[in-house]
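Residue numbering restarts at 1 for every chain, and letters A, B, ... go by the order of the sequence lines. A quick note: this is a predicted structure, and the numbers were derived from the prediction, not measured.
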2 protein chains.
Amino acid sequence: MAALTLDDLDHHLLDLLQRDASRTLRDLGEEVGLSPSAVLRRVRRYRTSGLLSHTVAVLDPRHAPEVVLAVCLVTIQEDSPEHGRLFRRRLLEAPEVQQAYEVSGDYDYVVVLATVGTGHQNEIAKRLFQQDPNVKRYTTLFVLDPLRTGSAIPTRRP
Amino acid sequence: MAALTLDDLDHHLLDLLQRDASRTLRDLGEEVGLSPSAVLRRVRRYRTSGLLSHTVAVLDPRHAPEVVLAVCLVTIQEDSPEHGRLFRRRLLEAPEVQQAYEVSGDYDYVVVLATVGTGHQNEIAKRLFQQDPNVKRYTTLFVLDPLRTGSAIPTRRP
DNA sequence: TCTGAAAGTTTTCATCC
DNA sequence: GGATGAAAACTTTCAGA
């Protein structure tokens, strides 16, 4: 969990891994100019430090025809510490919550739900938001087209 | 690209792969009750059909201290087909755009930006939205805490 | 479509630079 | 830190059911 200083090779590798984590160590090494074992040592550092948390398969939502994505914009009544904890825990536990951000600005939370059918969507939104007395109001924006659904973050300014 | 019918084992495997794509075929096979080669054949089907688009390394934004996430809510002036195409292309080309959804409801687009520092954030938002005469208005919600940042979708109702 | 074994690669590790 | 090469593990293929 240490602070981990990154050199150019690290930035390069992290960029490549965020695009495609299925490449071999040799393949990555050839692109950045390192041996497979040197690449492995670096990748291990990312993992043990917590920077690289896990690797996942990304499904194309367009191929899962019944899947409904929706963005919920949530406003909290009064953000007491206890309620905040409970609300956040509920967001973390629900498998339908794909992303959840605590934000500043016109709303307090942005929550992306991935459900199977609009009925299911409604059910979950009710459970998470409507039944919570500390949720002042929430709006649902149904996703018509998921143009882009990545999770890559920059590790330095481009 | 065919429609691909999924049985219980497929749903199970896709669920596991979306959580952790670094598990071995043997490991996955033991959990679902198949041999490694049987698992491989199924995973290949997901890939060739386009359902499984790629696998990526997920970085923890909390470990990239300068990274700023922001949710932009965008309202379009008048959605002419030509402008829509241009606007969407810009969203697809900018590396700072992590996610972009076309939505129905109070806004037209929801765009998540991942940038390095607030200055960079502002710069990108200006370029993508402020300079576009067809963008009526946009609001930026800065992410205070990325509670959850996955990309898993359900392949069937839980 | 599955299993199980053989063949081909990749990952891992010890060692030296 | 990095390179190399050998051992271990994994992936991939294929024959047989």
Is there a chain of hydrophobic side chains (I, L, V, M, F, W, Y, each step under 4.5 Å between heavy atoms) that links B:Ile76 to B:Val97? yes
Other than A:Val56, which residues form its hydrophobic cluster under the rule that side-chain heavy atoms must be closer than 4.5 Å? A:Val58, B:Val56, B:Val58
With a sphere of 6.0 Å drawn around CZ of B:Arg89, does it hold more than 12 non-hydrogen atoms of other residues, nucleotides or ligands? no
For DNA chain D, what residues of residues 14-31 of chain A have any heavy atom nearer than 4.0 Å? none
5' to 3' on DNA chain D, which nucleotides open and close the contacts with chain B (atom under 4.0 Å from a heavy atom)? D:dC10 to D:dT13
If I compare all heavy atoms of B:Gly50 with all of A:Asp60, which pair ends up nearest, and what's the gap? O-CB, 3.6 Å
Those residues that, when tested against B:Asp145, pass side chain to side chain donor-acceptor pair (under 3.5 Å) (two or more places apart): B:Arg62
Find the bend of the helix from C:dT1-D:dA17 to C:dC17-D:dG1 as the angle between its two terminal axes (five pairs each), to the nearest 10°. 20°
Taking atom CZ as the centre, does B:Arg148 end up with more than 12 heavy-atom neighbours from other residues, nucleotides or ligands that are less than 6.0 angstrom away? yes
Which heavy atom in A:Val32 sits nearest to a heavy atom in A:Leu9, and how many Å separate them? O-CD1, 4.0 Å
Tell me every residue that passes salt bridge (Lys or Arg N to Asp or Glu O under 4.0 Å) with A:Arg23, counting only those two or more places apart in sequence or in another chain. A:Asp27, A:Glu31
Is there a path of hydrophobic side-chain contacts, each under 4.5 Å between heavy atoms of I/L/V/M/F/W/Y residues, joining A:Leu92 to A:Tyr101? no
With A:Arg19, which residues qualify under salt bridge (Lys or Arg N to Asp or Glu O under 4.0 Å), at least two apart? A:Asp15
The first and last nucleotides of DNA chain C lying within contact of chain B, meaning any atom under 4.0 Å from one of its heavy atoms, run from C:dT1 to C:dG4
Under 4.0 Å from any atom of DNA chain C, heavy atoms only: list the residues of residues 36-45 of chain B that qualify, in numerical order. B:Ser37, B:Ala38, B:Arg41, B:Arg42
Taking only residues two or more places apart in sequence, or in another chain, which ones meet A:Glu123 in a salt bridge (Lys or Arg N to Asp or Glu O under 4.0 Å)? B:Arg157
Applying salt bridge (Lys or Arg N to Asp or Glu O under 4.0 Å), name anything that partners A:Asp10, two or more places apart in sequence or on another chain. A:Arg42, A:Arg45
Cluster link A:Leu144 to B:Leu91, ILVMFWY, side chain under 4.5 Å: no
Given a cutoff of under 4.5 Å between side-chain heavy atoms of I, L, V, M, F, W and Y, with clusters grown through shared members, what are the other residues clustered with A:Phe142? A:Val68
Which label fits A:Phe129 and A:Tyr138: parallel for a plane angle under 30°, tilted from 30 to 60°, or perpendicular past 60°? tilted
